[in-house]
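Shown next, in structure tokens, is the structure this report addresses.
Letters go in sequence order (proteins before strands), and every chain restarts at 1.
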There are 2 protein chains.
Amino acid sequence: MLTERQLLILQVIIDEFISYAQPVGSRSLSKKDEITFSSATIRNEMSDLEELGFIEKTHTSSGRVPSEKGYRYYVDHLLSPQTLKSNDMLMIKSVFAERIYELEKIVQKSAKILSELTNYTAIVLGPKVKDHKLKKIQIVPISEETAIAIIVTDTGHVENKVFSLPPSFDVNEVEKMANILNDRLAGVPLMELKDKIYKEVAMLLKQHIHNYDAVIATLSDTLNLSKPEKLFFGGKTNMLSQPEFHDIDKVRSLLAMIEQEKGLYDLMKRNPAGIHVKIGRENNNSALAACSLITATYSVGPEQVGTIAILGPTRMEYSRVISLLQFITTDLTALLTKLYQKE
Amino acid sequence: MLTERQLLILQVIIDEFISYAQPVGSRSLSKKDEITFSSATIRNEMSDLEELGFIEKTHTSSGRVPSEKGYRYYVDHLLSPQTLKSNDMLMIKSVFAERIYELEKIVQKSAKILSELTNYTAIVLGPKVKDHKLKKIQIVPISEETAIAIIVTDTGHVENKVFSLPPSFDVNEVEKMANILNDRLAGVPLMELKDKIYKEVAMLLKQHIHNYDAVIATLSDTLNLSKPEKLFFGGKTNMLSQPEFHDIDKVRSLLAMIEQEKGLYDLMKRNPAGIHVKIGRENNNSALAACSLITATYSVGPEQVGTIAILGPTRMEYSRVISLLQFITTDLTALLTKLYQKE
DNA sequence: TGTTAGCACTCTTGTTTGGCGAGTGCTAAT
DNA sequence: ATTAGCACTCGCCAAACAAGAGTGCTAACA
């Protein structure tokens with residue numbers, strides 16, 4: 001177990017390093033107000049803390065730098081819940097005050113404001129479309145061979161997909177088909193669409209539509225919107241101004257991974273509710289070895305729909321970022337719930 | 001006027017610099033096959049070329065480097081039209097061979113492939129939506145106060161916008177309204193929608209719809225899709241691997257400007273047909289001082305719809321990029337014309 | 001026994017120095 | 001007009017050195 005004094009020293013070291021990105025030495029520590037004992041004492045304590053793995057040296061006679069284990073301890077035990085500056089709160093409130101109806105736009109804006117407030121990169125895993133329910137389906141032919149299927153969800157989200165009509169498909173039947181689909185499928189979660197089509201709609205279509213089998217195949221294919229949730233970003237290049245990214249190779253691999261989206265998507269998906277901090281290699285991703293990712297989930301009513309995250313250097317202002325995320329997800333959830341939780 | 005020999009030397013210097021990004025000196029030049037005279041002669045010629053402003057020294061006793069004027073002369077007079085590697089052609093052809101129906105996706109893919117083939121950044125100014133014609137308009141109420149207007153163009157593009165319904169608007173009237181709109185507005189270019197609504201549809205709506213004036217205002221506002229054309233990117237971070245961008249500050253300002261989009265949009269907009277090369281400060285943008293931008297336009301039939309561009313360092317493989325752009329815009333235009341030029 | 005002052009030692013950083021190589025400009029010979 | 005030769009310039013690199021920050025250890029102190 002760590003002594004009170006060790007905790008204090010660890011805390012001050014990390015706070016200091018977070019602020020100035022410089023290894024912190026015993027002498028400069030001893031000058032701080034919180035610290036009443038001499039540099040020699042601090043050296044002894046530091047030596048212990050190093051042995052325990054909470055801090056490290058960059059070279060034999062350098063100051064100390066927090067290790068991943070140190071950060072982990074810091075966020076788990078040492079973080080004092082900080083109240084937001086009223087300035088920040090106003091900024092966020094102003095975003096949600098605007099009358100925006102599209103879920104995606106709200107989410108997009110949240111990412112932007114977060115990145116601006118923190119100077120890190122904000123990532124939002126957009127609302128899970130699959131769980132939403134079909135409101136209306138429209139089919140618009142645009143040529144003799146192609147048509148667009150438009151799907152509107154109860155949350156105001158619109159998806160569309162162009163597909164090719166089977167040859168010799170009567171344009172008049174399109175309308176008939178759309179009617180049947182709407183009749184049968186309204187209110188069905190998008191996830192189950194494909195299933196329902198085969199189970200409930202197939203029979204009906206068979207009676208009314210020529211060329212039944214070709215249509216049904218195309219249709220279920222088209223409606224199988226297995227599109228992954230979208231990622232939204234804010235401040236993609238903010239990381240460049242962090243001193244730890246002076247090395248162009250690090251920057252390249254980091255930006256490449258952000259650009260690719262795949263890796264991030266996996267990291268953001270399947271997050272348990274609440275706020276979670278992943279430090280450095282806890283992310284299991286070599287490009288993020290020097291980064292921490294703080295994720296938070298937001299919901300519509302009881303249903304968790306997405307994740308919002310901040311990606312920064314391991315030397316991140318954990319306290320502030322966590323407060324911000326807390327605040328913004330609460331607001332976001334409240335707004336979305338108000339907007340989309342009618343029934 | 002430059003002599004034959006000076007032209008030759010200028011050309012070889014630039015070719016060499018483009019390949020290796022190193023200042024080129026007289027001795028290494030004299031070893032090239034094309035060059036039959038001694039390094040001393042070359043030094044004299046170089047001295048003249050420098051005086052004329054085509055090349056520069058990085059320091060008193062360094063090799064020479066092309067100046068912007070040098071590059072300009074090079075692309076204007078010295079570029080030998082190069083045929084593409086069959087490999088490259090195959091890559092491009094394969095993109096256009098796939099059956100994709102959405103204009104945006106095709107455009108997006110073009111950007112991707114271009115950036116991969118060149119290792120520069122590809123930027124595409126997406127198809128001008130405004131010139132496209134209304135195919136169908138749908139209105140889907142999603143709550144008591146809001147509805148989604150969905151607009152489908154003849155090119156298969158779908159736009160949607162959520163808007164608030166006037167209070168006490170009868171949901172049944174939505175359908176009636178949609179019918180009237182479709183009846184009257186099908187085939188109208190999006191640009192003229194707003195106009196037509198007031199001129200032709202207003203009267204009709206007045207007869208059939210309660211609360212006429214509130215609706216008409218909301219409607220014309222909603223349909224005024226003055227969205228600017230979208231920009232698509234490929235290889236945003238490719239620039240990082242160019243040796244001239246080892247300096248993190250240059251990278252930052254460049255990426256910031258790419259991220260912002262506004263500046264690039266202005267550069268890409270209003271391009272006369274054909275291929276154009278802007279070198280370094282010709283772009284009038286400090287972040288692009290070390291970059292060249294090569295733009296090319298693509299069309300649907302006779303109607304120019306968008307611009308596709310490559311952004312690279314001034315030390316760019318002009319010849320190859322120009323050939324690639326030529327090839328890809330030709331193919332793109334052909335494909336789009338075939339798909340969307342029905343009438 | 002916990003704390004601290006003092007000191008030798010280590011390592012980084014910045015500066016200077018000298019040598020090497022690539023390149024130039026000039027001059028004189030061809 | 002071309003070229004060989006030569007002195008000179010500069011960037012680059014490695015070695016040498018001083019200064020500064022920081023450490024670990026020891027011995028003295030409360």
Side-chain angles (χ1 to χ4, degrees), chain A residues 1-10 12-17 19-67 70 243-244 246-247, chain B residues 1-10 12-17 19-67 70 243-244 246-247:
Chain A
M1 248 312 71
L2 295 180
T3 67
E4 275 302 310
R5 197 166 65 189
Q6 285 175 321
L7 291 183
L8 174 62
I9 290 181
L10 181 56
V12 179
I13 288 179
I14 298 187
D15 284 339
E16 202 72 358
F17 187 69
S19 300
Y20 303 109
Q22 297 290 337
V24 3
S26 58
R27 206 175 126 67
S28 61
L29 261 200
S30 70
K31 285 190 195 137
K32 301 234 76 184
D33 288 349
E34 306 96 297
I35 301 227
T36 54
F37 27 89
S38 80
S39 64
T41 312
I42 297 174
R43 278 203 287 283
N44 291 330
E45 298 285 31
M46 285 211 207
S47 180
D48 292 350
L49 284 173
E50 180 168 13
E51 206 157 307
L52 293 168
F54 292 109
I55 54 181
E56 315 174 323
K57 286 190 277 197
T58 61
H59 57 89
T60 30
S61 74
S62 75
R64 303 306 212 288
V65 153
S67 67
E244 29 268 281
H246 267 317
D247 177 13
Chain B
M1 251 311 74
L2 296 179
T3 67
E4 276 302 310
R5 198 164 65 189
Q6 285 173 322
L7 291 183
L8 175 61
I9 291 180
L10 181 56
V12 178
I13 288 178
I14 298 187
D15 284 340
E16 202 72 356
F17 187 70
S19 300
Y20 304 109
Q22 300 289 338
V24 3
S26 57
R27 206 175 126 68
S28 61
L29 263 199
S30 70
K31 283 189 198 139
K32 302 233 75 182
D33 288 349
E34 308 94 298
I35 301 229
T36 54
F37 28 89
S38 80
S39 66
T41 311
I42 297 174
R43 279 200 289 285
N44 292 330
E45 298 284 30
M46 287 213 221
S47 180
D48 292 350
L49 283 173
E50 180 167 15
E51 206 156 308
L52 292 168
F54 293 108
I55 53 182
E56 315 174 323
K57 283 189 278 198
T58 61
H59 56 89
T60 30
S61 74
S62 75
R64 302 308 210 288
V65 152
S67 67
E244 30 268 278
H246 267 316
D247 177 13

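- To the nearest angstrom, P of dT24(C) lies 5 Å from CE of Met46(B).
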With a 3.5 Å cut-off and sequence neighbours excluded, list the donor-acceptor pairs that the side chains of residues 23-31 of chain B form with protein atoms.
residue, atom, partner, partner atom, Å
Ser26(B), OG, Arg43(B), NH1, 3.1
Ser28(B), OG, Gly25(B), O, 3.1
Ser30(B), OG, Arg27(B), O, 2.7

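- At whole-Å resolution of the value, NE2 in His59(A) and P in dG22(D) are 9 Å apart.
- Toward the 5′ end of DNA chain D lies the nearest nucleotide of Ser38(B), the other residue of the pair Thr58(B) and Ser38(B) mapping further downstream.
- Applying the 4.0 Å criterion to OP1 and OP2 of dT23(D), one finds that Ser26(A) has a side-chain N or O inside that range.
- Both Arg43(B) and Val24(A) lie near DNA chain D, and the one whose nearest nucleotide falls closer to the 5' end is Arg43(B).
- In this structure, the side chain of Ser62(B) does not engage the main chain of Lys57(B) through any donor-acceptor pair within 3.5 Å.
- Thr41(A) places no side-chain N or O within 3.5 Å of a backbone atom of Phe37(A) that could act as its donor or acceptor partner.
- Remark: P of dA22(C) and CG of Leu29(B) are 15 Å apart, rounded to the nearest angstrom.
- The base of dG5(D) has none of its N or O atoms less than 3.5 Å from a complementary donor or acceptor on the side chain of Arg27(B).
- Rounding to whole angstrom units, CD of residue Glu16(A) and P of dG22(D) are separated by 11 Å.
- Counting to the nearest Å, the P atom of dT23(D) and the CD atom of Glu56(A) are 14 Å from each other.
- At dG24(D), one or more side-chain N or O atoms of Lys57(A) fall inside 4.0 Å of OP1 or OP2 (strictly under the cut-off).
- In terms of polar N and O atoms assigned as donor or acceptor, the side chain of Arg64(A) never comes within less than 3.5 Å of the base of dG24(D) in a complementary pairing.
- When the P atom of dA21(D) is taken as reference, atom OH of Tyr20(A) falls 17 Å away, rounded to whole Å.
- The side chain of Thr41(B) places an N or O atom within less than 4.0 Å of a non-bridging phosphate oxygen (OP1 or OP2) of dT3(D).
- Residue Ser61(A) places a side-chain atom within donor-acceptor reach of the base of dT10(C), judged by atom type and a 3.5 Å distance cut-off alone.
- Not one side-chain nitrogen or oxygen of Thr60(B) sits closer than 4.0 Å to the OP1 or OP2 atom of dT24(C).
- Atom pair Asn44(B):CG and dT2(D):C1' shows a separation of 9 Å (rounding to whole Å applied).
- Sequence neighbours left out, the pairs with a member in residues 44-56 of chain A that pass salt bridge (charged side-chain N to carboxylate O under 4.0 Å, His left out) are Arg5(A)-Glu45(A), Glu50(A)-Arg64(A).
- In this structure, the CZ atom of Phe37(B) is 19 Å from the C1' atom of dT30(C), given to the nearest Å.
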